[in-house]
Amino acid sequence: MTDQIKVLVADDQGVIRMGLAMILDHEPDLTTVAQAGDGEEALRLVEQYDPDVVLMDIRMPVMDGLVATERITAAAKQSGRNRPAVLVLTTFDDEAYVLSAVRAGASGFLLKDTDPDLLVSAVRAVHRGDSLVDPASTRVLLERCVELERQVGNGPAEPALPAAARWTGPLALLSDREREILVWMARGLSNRDLAAKLFVSETTVKTHVSSVLSKLGLSSRVQAVVVAYEAGVVRPGEAEVRWEG
């Protein structure tokens, strides 16, 4: 029997926690090891139970999911580990927080009303290291979030250079194939979709994705999607790709 994927569920609503746990525990390869009602409790339980994946709500009392996600991923990085992966649960009402969650190190996010089968697949995906979950929904939500930040001027505080200029140097390091991979990731294609489109194996796609992340100094696919939009490589509602410079 293969080892089970250990999941911690963090949500301030007990009914939602229990419902998520029931869905996960119904699968033979998944098990809910703990439930937390706020971010601070989630941090304690991560230390105690060492889960593989954390399902994290954004809006919680005491410590919200953004702060908890940042602390969990920072601690993992500091210790040289790639777990636990954090999968953020959100609603379209939380769109202003989604980019913050991604920048905090979340491996991906799902809408709270997602289909149970997709939730299960998403947990398995982030456990494998496939960060971009529910690609079509991710692309639409990221487009809305990036546009929102531009409209209200509420992006992260960065000195001097606008977003597009900040990424000019790192993007220039990408090969033509890696640029193509980045573009299609931003358009919502999964590893399997990319392999079929480019007529290569999924292993080859994963190698290219890892190279893109490394050259851009990123930790997840979903962060790469944000960069593609911020740098203007892909623009909301636009079909064509822009490579300048």
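- Contact between A85 and S107 at its shortest, heavy atoms only, is CB-OG, 3.6 Å.
- No path of Ile, Leu, Val, Met, Phe, Trp and Tyr side chains, each step under 4.5 Å between heavy atoms, connects M22 with V120, placing them in separate hydrophobic clusters.
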**Report entry** Test side-chain contact (heavy atoms from CB on, under 4.5 Å) applied to I23 and L119, step by step
**Finding:** CA-CA 8 Å; I23 292 171; L119 171 65; 4.0 Å; yes
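- Closest approach of A68 to M56, counting heavy atoms only: CB-CE, 3.7 Å.
- Following chains of ILVMFWY side-chain contacts shorter than 4.5 Å, one can reach V200 starting from L213, so the two form part of one hydrophobic cluster.
- One N or O on the side chain of S79 and one on the backbone of A75 form a donor-acceptor pair closer than 3.5 Å.
- Linking ILVMFWY side-chain heavy atoms closer than 4.5 Å, directly or via other members, places L173 and V183 in two distinct hydrophobic clusters.
- With contacts defined as side-chain heavy-atom distances shorter than 4.5 Å, the pair M63/R71 qualifies.
- Under the 4.5 Å side-chain criterion, counting only non-hydrogen atoms from C-beta, V46 is not in contact with L43.
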Query raised in the report: For D29 and Q4, what are the C-alpha separation, side-chain angles and deciding distance, and is it a side-chain contact (heavy atoms from CB on, under 4.5 Å)?
Result: CA-CA 5 Å; D29 60 331; Q4 289 184 310; 5.5 Å; no
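- Within the 4.5 Å cutoff, the side chain of V88 has heavy atoms near those of the I58 side chain.
- Here the closest heavy-atom approach between residue A224 and residue M185 is recorded as CB-CE, 4.1 Å.
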Query - Test log, rule side-chain contact (heavy atoms from CB on, under 4.5 Å), inputs V209 and N191 - result: CA-CA 9 Å; V209 170; N191 282 351; 4.0 Å; yes
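- Of all non-hydrogen atoms in Q35 and A21, the two that sit nearest each other are NE2-CB, 3.7 Å.
- Residue pairs meeting the salt bridge (charged side-chain N to carboxylate O under 4.0 Å, His left out) criterion with at least one member in residues 7-25, sequence neighbours excluded: D11-K112.
- The salt bridge (charged side-chain N to carboxylate O under 4.0 Å, His left out) analysis of residues 39-48, with sequence neighbours excluded, yields the pairs E40-R44.
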Query raised in the report: Would I5 and R124 satisfy side-chain contact (heavy atoms from CB on, under 4.5 Å), going step by step from the backbone distance to the final call?
Result: CA-CA 8 Å; I5 300 172; R124 292 174 179 142; 4.2 Å; yes
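- Between atom CZ of residue F109 and atom CG of residue L87 there is a gap of 10.0 Å, rounded to the nearest 0.5 Å.
- Nearest approach of L110 to A122, heavy atoms of both residues: CD1-CB, 3.5 Å.
- Every residue two or more places apart in sequence or in another chain was checked for a side chain to side chain donor-acceptor pair (under 3.5 Å) with D38, and none qualifies.
- A pairwise comparison of heavy atoms in P51 and V33 identifies CB-CG2, 4.3 Å as the closest pair.
- To the nearest 0.5 Å, atom OG1 of residue T32 and atom CG of residue L20 are 8.0 Å apart.
- The structure places CG of L174 at 10.5 Å from CH2 of W167, a figure rounded to the nearest 0.5 Å.
- For the atom pair L45 CG and L8 CG, the distance stands at 5.5 Å (nearest 0.5 Å).
- Remark: the backbone N or O of T69 is paired with a side-chain donor or acceptor of T73 at under 3.5 angstrom.
- Interatomic distance, E178 CD to T207 OG1, rounded to the nearest 0.5 Å: 10.5 Å.
- Looking at heavy atoms from C-beta onward, P170 lies in side-chain contact with L216 at the 4.5 angstrom threshold.
- Contact annotation: the side chain of L198 never approaches that of H208 to less than 4.5 Å [non-hydrogen atoms, C-beta and beyond].
- V7 has its side chain out of reach of T31: every pair of non-hydrogen atoms, C-beta onward, lies at least 4.5 Å apart.
- Between D52 and P84 there is no side-chain heavy-atom pair separated by less than 4.5 Å.
- Taking 4.5 Å as the limit, every side-chain heavy atom of K6 sits out of range of all side-chain heavy atoms of Y49.
- Looking at D64, its side chain does come within 3.5 Å of a backbone N or O of V67 through a donor-acceptor pair.
- Rounding to the nearest 0.5 Å places CD of E202 at 9.0 Å from CG of D193.
- Side-chain polar atoms of T204 and S201 form a donor-acceptor pair below 3.5 angstrom.
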